[in-house]
Amino acid sequence: MQKVHPDKAFRDHATAMNTKVSGAITALSLNRDVYNALSTLDVSRSDPATTYYVQRELLEFHLAGVDKDDATRARLRKLNDQLTDEQSKFDRNISDSRKSVTLTDRSELGGLPEDYLDRHKSSSDGTIVITTDDPDVYPALTFAKSDALRRRLYHALLTRAYPENLDVLKGMMQTRYEIARLLAYESWADYNAADKMIDKGEKSGAFIQQVDDATRSVTARESAMLLAEKRRTNPQAQEIGDYELRYLTELVRRSKYDFDSQSVRRYFPYPRVQQGVFDTAAKMFNISFKQESDAPGWDPTVETWDVVGDNKVIGRFYFDMHPREGKFSSAEMVTVLDGIRGKQLPEAALICNFPIPTATDPGLLQYEDVVTFFHEFGHLLHSILGGQQQWAGVSGISNLMEADFIEAPSQMLEEWMHSPQVLALFARDYKTGKPIDAALVSRMNRASAFGRAHWVARQNAYTAISYDIYRSKPQGVDLDAVCTGDMRRHGHLVPSQDNHDWASFDHLGPYSSAYYTYLWDKVIAEDFFQQFDQTNLLGGETPLRYRRTVLAPGGSMSANDLVRNFLGRPQNMNAFQHWMGEEFSSEAEKPKYPAH
Ligand SMILES: [Zn+2]
C-alpha cells in the first residue's frame, strides 16, 4: 500500500505501519524464548521440508543475534528498527523524486514515435515536459535523435533523490555495518551472504571478476559496432557514453540487423500481451486464469484474477499494471499471502507501469516492456505455484528462500517471448489482426541478441557498486567515486559526469550488497532454459518437470538442491556465455527457431 495506494495519506499511513510490522518481526527474531523452544524441537523423524524449515529458521535466528547477551540484543533491535526506517525513507525519496526535463523546441522530439508525440503535446506556452517515469524517459533515451535531450534526460534520471538520499544511504550503510560487526562478521556483505546460495561475501567479488572476464571480449566487439554507428553522424567520435547506449544500440539493430523495435510495437497492444502471457503460462504449466470481478483491489484499475489448476482455485493475484501519480514507478511482484496447503491460498500482486490502453490509444508496449511483463509474471507464477507448502514460512517465495535464487525463474521466462510459437499466441497487428511474421520474429531475435554483453557489463558494474558500498567500513566510502569507478571498470563505457546513480539505485535498500543476484540468477536461468525443447518451448515433459522440481517446492528446500535436481549438476557459465555472444555466433546467421 505504501507503494501503490492512490491516496497519499493512505500511503503515509502504510509507511508507518510497515515500520511497526518490521519492528514486530525484529522483536520476534530476537525473542529468546521462541528461539529456545524452536531449538529444542525434535525434528529427527519429520519430513525433509519440516527439518529444512526448522534449520533455516534457526540460522535466521542466529543471524538476528538471538543468542547474544541482553545488551547486544537490545542494540540490534534498535539498529534494525532504524534500518527499516532508513530503507523506507530511501524508497520513498526515490518514488517521490520524479524529475522532468522541459523542452522549448519541439524538434528535439525527432525520432520518437507518433503516439509518444501525441502524449506529449506542447502546452500553451509552447513547452513540452518529459518526466523520468518509465513510459516517458525510456522511449526518449532509445529513439530521440537529439543528443542534448538524451543527455539531459539521463542526467535527470541519475540525479533523482539527490541530495535527499545522501544522508539516508550513509545512515543505512552505517547501521548495516554495525549490525554485521555485532554479529562477528567483517562487513555487511559477508553477513548478508551467510543465508544465501553464494554463502560468502568474498565470493561475490570473485563472481564479478568472472563475469567481467567472460564479458570483455564481447563488449569490445559490440563497442566497435556502436562506435562505427556513432561515427556516421560524428566522424570524430572516440568513445561511447553511457547515456547514449540505448540510442546507439537501437541504431545498430536497425542498420545491421534490419530491425526497428518500433516496427514490432504494433503487435504488442497491452490487452493482447496480457492474454499472451496468460496463455503461455496456461499451456506450460497446465493451469488457467479466471477474472474475479467481485474482489476489488486498491484502485479501480486493479484487476483480480484466480489461478485454476486441477479444476480448483490454487491462488489469486492482483494486476496493477499502469502508471498513476504517486505510484511506485518501476515493475515489481509482491507476495500478498504465502499460502498454506489446504488452509490458505497464496496471493500475489504485480505492480507495473505499462502504457494504459484508451479509446483512442491501444497502449502499445515496447519490446522491452513485453520482456518485463514475462519476467514479472515469472515471479508471480513462482510465488503462486510454490505457495502450497505445509508451512507458510517456506511457502512460495518466502523470506526463508535464498534471496539470490529469486530472479532465476523470472529471468528464464523472459526467453519465452523469443519463441515464434509463443509469439503466435498473441502478437497480432492491432489494426489488421495479422499475426507477426516469422521473418520479423527472426530479425527481432537476432537484433535483441545484440547488446547483451553491454547489458551484462552494466549489470556487473551495478553489482560491483552494491558490493563495494557494503564490503567494508562505511566511513571511507565515497559514493560518487565508487559509482564512477565501478562504471568505468566494469561497465565498459564512459560514465557521464555529475551523476549520483546510487541515490536512486533502489536495490541498495532491500538487496543491499546482493545485487549480484541478477547475474548469478541469469547464469542459472540460461542453464535452465537450455534444458527445454528449443523448438517446442510450451510442450514436452520439461515444463511440467520444471514446475514440479523447481517451482512447486517453493522455499521448502535449498535452492542449490533445486538447481541440482533439475539440471542433474550445479549451474555453470556455459549457457550464459553462449547467450551473451549469440549475436556473433554462426548460429545467429540463421533463425534460431523454425517457423511454426
Ligand atoms: Zn525480478
Side-chain angles (χ1 to χ4, degrees), residues 101 103-117 120 128 130 136-158 215-266 366-368 371 439-458 461 487-488 491-497 499 580-586 588-591:
V101 163
L103 308 179
T104 47
D105 180 359
R106 212 169 160 78
S107 71
E108 279 213 80
L109 295 179
L112 281 153
E114 216 166 303
D115 60 333
Y116 188 92
L117 300 179
H120 295 84
I128 308 124
I130 316 239
D136 258 16
V137 73
Y138 289 111
L141 287 174
T142 312
F143 302 112
K145 288 183 186 153
S146 162
D147 189 74
L149 173 62
R150 281 181 278 108
R151 231 183 243 278
R152 284 172 73 198
L153 274 173
Y154 200 71
H155 186 256
L157 195 62
L158 267 54
T215 312
R216 198 157 284 274
S217 66
V218 197
T219 49
R221 295 178 74 170
E222 287 180 2
S223 286
M225 289 166 77
L226 293 167
L227 193 58
E229 191 62 52
K230 187 173 174 178
R231 283 183 178 153
R232 284 155 62 135
T233 50
N234 178 357
Q236 310 308 323
Q238 294 298 328
E239 53 188 27
I240 299 153
D242 51 5
Y243 76 96
E244 55 189 347
L245 178 62
R246 278 172 184 268
Y247 177 71
L248 292 173
T249 301
E250 176 67 18
L251 289 184
V252 171
R253 284 177 180 155
R254 285 185 200 188
S255 64
K256 286 271 184 297
Y257 299 95
D258 186 23
F259 176 72
D260 165 2
S261 65
Q262 289 301 326
S263 68
V264 289
R265 286 185 66 218
R266 56 191 307 109
Q366 302 282 346
Y367 173 86
E368 286 172 18
V371 175
L440 179 57
V441 172
S442 146
R443 289 206 308 278
M444 174 175 84
N445 286 337
R446 288 170 58 191
S448 86
F450 176 77
R452 280 177 186 167
H454 268 102
W455 177 83
V456 169
R458 268 190 89 63
M487 273 297 163
R488 196 174 287 282
H492 305 180
L493 289 175
V494 179
S496 25
Q497 298 301 302
N499 289 333
M580 198 163 40
E582 218 173 302
E583 81 251 40
F584 300 115
S585 72
S586 54
E589 297 306 313
K590 52 184 191 293

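The figures that follow rest on heavy atoms only: side chains count, while hydrogens, waters and symmetry mates do not. If you read the sequence from its start, that first residue is 1, and numbering goes on from there.
- Put simply, the residue from Arg254, Arg266, Arg253 that forms a salt bridge (Lys or Arg N to Asp or Glu O under 4.0 Å) with Asp260 is Arg254.
- If you check the side chains of Tyr367 and Ser448, you find a donor sitting under 3.5 Å from an acceptor.
- For the pair Arg265 and Pro113, the minimum side-chain heavy-atom distance is below 4.5 Å.
- Among residues two or more places apart in sequence or in another chain, the salt bridge (Lys or Arg N to Asp or Glu O under 4.0 Å) test is passed with Arg452 by Glu582.
- Using a 4.5 Å heavy-atom cutoff, the side chains of His155 and Ser496 are not in contact.
- Across all their heavy atoms, Ile240 and Ser223 have their closest contact at CD1-O, 3.6 Å.
- Met487 has its side chain out of reach of Asn499: every pair of non-hydrogen atoms, C-beta onward, lies at least 4.5 Å apart.
- Nearest heavy atoms, Tyr247 versus Ala144: CE1-O, 3.3 Å.
- For the pair Val101 and Ala156, the tightest heavy-atom approach, listed with the atom from each and the gap, is CG2-CB, 4.0 Å.
- Across all their heavy atoms, Leu440 and Ser263 have their closest contact at CD1-OG, 4.1 Å.
- Residues satisfying the side chain to side chain contact (heavy atoms under 4.5 Å, CB included) criterion with Val137, sequence neighbours excluded, are Leu141, Leu153, Leu157.
- Scanning all heavy atoms of the two residues, the minimum distance from Ala461 to Gly491 falls at CB-N, 3.8 Å.
- Every residue was checked against the ring pair (Phe, Tyr, Trp, His ring centres under 6.0 Å) condition with Phe143, not counting sequence neighbours, and none meets it.
- Contacts of Arg150 classified as salt bridge (Lys or Arg N to Asp or Glu O under 4.0 Å), with partners at least two apart in sequence or in another chain: Asp147.
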* To do: In sequence, state the C-alpha distance, the side-chain angles, and the governing distance for Val441 and Val264, and then conclude on side chain to side chain contact (heavy atoms under 4.5 Å, CB included).
  => CA-CA 9 Å; Val441 172; Val264 289; over 6 Å; no
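- Heavy-atom minimum distance, Pro139 versus Leu112: O-CD2, 3.4 Å.
- Side chain of Tyr116 to main chain of Asp136: a donor-acceptor pair is present (N/O by atom type, distance under 3.5 Å, no hydrogens or angles).
- Ring geometry, Phe450 versus Phe584: the interplanar angle exceeds 60°, so the pair is classed perpendicular (tilted spans 30 to 60°).
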* When you look at Val252 and Glu222, which way does the side chain to side chain contact (heavy atoms under 4.5 Å, CB included) test go after all the steps? -> CA-CA 9 Å; Val252 171; Glu222 287 180 2; over 6 Å; no
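- For residues 234-245, the pairs satisfying salt bridge (charged side-chain N to carboxylate O under 4.0 Å, His left out) are Lys230-Glu244, with sequence neighbours left out.
- Lys256 and Glu583 are not joined by a salt bridge, as no carboxylate oxygen comes within less than 4.0 angstrom of a charged side-chain nitrogen.
- Counting only heavy atoms from C-beta outward, the side chains of Leu227 and Leu248 never approach each other to under 4.5 Å.
- Looking only at side-chain heavy atoms (C-beta outward), Leu245 and Tyr154 stay at 4.5 Å or farther from each other.
- Residues Lys145 and Glu108 fail the side-chain proximity criterion, which asks for heavy atoms closer than 4.5 Å.
- Scored by the salt bridge (Lys or Arg N to Asp or Glu O under 4.0 Å) test, Arg443 finds Asp258 as partners (sequence neighbours excluded).
- Atoms OG and CG, on Ser146 and Leu103 in that order, are 8.0 Å from each other to the nearest 0.5 Å.
- Atoms CG and CG, from Leu251 and Leu226 in turn, are 9.5 Å apart once rounded to the nearest 0.5 Å.
- Salt-bridge check for Arg246 with Glu250: failed, with every basic side-chain N at 4.0 Å or more from each acidic carboxylate O.
- With respect to Thr219, the side chain to side chain contact (heavy atoms under 4.5 Å, CB included) criterion is satisfied by exactly one of His454, Arg458, Met580: His454.
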